[in-house]
Amino acid sequence: MTPTRFHYPSPGFSIYWETGNGKKLAKRLIGSFPEKAEIEQFIPRLFETDQLADQVIREVYQKQGFKQADQWINQLLDGEKIAGIPDSLNQLVAEITTKPIWLNEELLEQGAMLCRRAGSLGLMVLRNYCLMGGYESSAINKPLVFTGALKKGAAKRLTETTEFWVRIIGENAITNPQIGWKECLKIRLMHAYARVSILDEGKWREADWGAPLNQWDMMATNLGFSIIFLDGLRKLGMKPTEQEIRGLFHFWKYVGSLLGTPSAYLPETESDAIRAIYSWTITQAPADDDTISLALALSLEPIDGNFLPKKWQRKLVYKTHLGYNWFFLGEASCKTMQLPKTAWRIYPPIQRFFVSLSQPFVHRSENSYNRSIQRNRKTQKKIVNAYLESNNRKQITDK
């Protein structure tokens with residue numbers, strides 16, 4: 001069965017590949033883009049989900065409650081054995097804590113180092129390119145609408161996403177049971193809880209959208225953190241090394257597997273990632289009213305939130321983010337999502353100029369490279385911790 005959300009070629013994202021950012025991204029592709037027949041082979045993934053995590057939700061969280069479930073998970077991550085708990089929970093934690101044979105921890109850390117070296121630039125890319133750009137797809141956003149994301153506010157999702165990203169990219173954090181593994185398990189179960197709740201409500205239209213939080217959409221979300229993130233850093237003047245790039249894709253392949261996506265679905269080279277993101281975007285349905293509502297909510301988050309005390313500060317940050325939206329996404333996407341044009345779209349190109357000038361100094365020696373990572377990580381944490389504090393959340397310490 002092909003869900004009605006499957007449009008080939010996509011009326012919205014075709015522009016991205018023909019005249020937008022995708023045209024430049026395609027120049028890095030080795031070989032050619034997949035044809036329609038090859039892409040159609042991925043349709044079954046629209047109905048594929050993380051069944052083990054769903055089973056844990058039904059057998060543990062729904063029957064034992066959140067407090068007991070979280071206690072058991074913490075005990076299992078600490079290596080304790082617990083008698084009488086459902087096998088599904090033991091299987092899930094064992095899956096998380098068993099390192100795959102393909103994992104290269106040195107390469108893994110190099111990918112995390114690039115994310116730390118990105119500093120505040122990385123945060124801008126995540127918010128205004130990866131997250132906002134994802135809203136243009138109407139189908140992938142349907143679970144957000146069903147779980148009340150609009151009512152809960154954009155700040156909640158932005159905070160959760162940013163906090164997760166900053167925590168797991170810390171030094172050797174992703175393989176730390178109480179940091180990386182725990183964070184990924186928490187997000188994986190949050191996705192499963194949302195999926196189970198949506199299905200239990202009985203209003204989800206599978207024939208239109210596939211399964212909620214299905215594996216093809218989860219792959220696309222993962223690619224937002226890798227290939228789209230990489231593209232955004234380059235647009236702002238950063239020059240990642242080939243080793244950093246290899247590390248970035250290896251890192252997100254591992255994170256994706258921890259979050260319940262089969263590792264075989266996740267690319268480990270830039271060229272394969274471009275083919276994957278092309279296959280997904282070129283089949284997306286047109287933007288709809290939910291697209292516009294979600295984009296509006298995220299754009300207004302600085303004004304509606306409590307991060308900055310003064311009105312003029314909030315308005316300035318609002319316009320700055322809009323400037324980055326226009327810089328990253330381009331005119332067609334921003335008009336589709338009804339994002340207002342602002343004179344602040346000239347700021348990112350100016351920033352790119354100065355970032356480009358700094359790159360030779362970063363790569364001059366191992367010491368200068370390491371200093372850049374430490375300095376930018378410190379800035380990254382300072383910004384995020386201030387935001388977390390304003391939302392009454394635990395701060396990040398890298399310990």
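These numbers were taken from a predicted model, which means no experiment stands behind them.
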TODO: Assess whether side-chain contact (heavy atoms from CB on, under 4.5 Å) is satisfied between S120 and N376, documenting all intermediate values.
DONE: CA-CA 7 Å; S120 61; N376 285 297; 5.8 Å; no
- [ ] For residues H250 and W102, establish whether the separation of their ring centroids is below 6.0 Å.
- [x] yes
TODO: Kindly say whether the aromatic ring centers of W209 and F146 come within a distance under 6.0 Å.
DONE: yes
Open item on the list: Would you say N176 and K182 are linked by a side-chain donor-acceptor pair, where the criterion is simply a distance under 3.5 Å?
Closed with: no
Task: side-chain hydrogen bond (donor to acceptor under 3.5 Å, both in side chains) contacts touching residues 29-47 (sequence neighbours left out) - done: E38-R275
Task: Check: W165 ring centroid to F229 ring centroid under 6.0 Å - done: yes
Task: Qualifying side-chain hydrogen bond (donor to acceptor under 3.5 Å, both in side chains) pairs, either residue in residues 103-119, two or more places apart - done: K99-E105, E109-R116, Q110-Q243, R117-E244, R117-Q359
Open item on the list: Quick one, T2 with L46, criterion side-chain contact (heavy atoms from CB on, under 4.5 Å). Give me CA distance, side-chain angles, the key distance, then yes/no.
Closed with: CA-CA 9 Å; T2 301; L46 287 167; over 6 Å; no
Open item on the list: Using the rule side chain to side chain contact (heavy atoms under 4.5 Å, CB included), only one of L158, V166, T162 pairs with Y387; which is it?
Closed with: L158
- [ ] Only pairs at least two apart or in different chains count here, so list each side-chain hydrogen bond (donor to acceptor under 3.5 Å, both in side chains) that has a residue in residues 9-19.
- [x] Y16-Y129, W17-T281
Task: Distance-only donor-acceptor check, side chains N370 and N367, under 3.5 Å - done: no
TODO: Just say parallel, tilted or perpendicular for the rings of W252 and F225, cut-offs at 30° and 60°.
DONE: parallel
Open item on the list: Distance alone, cut at 3.5 Å: any donor-acceptor contact between the side chains of Y61 and D70?
Closed with: yes
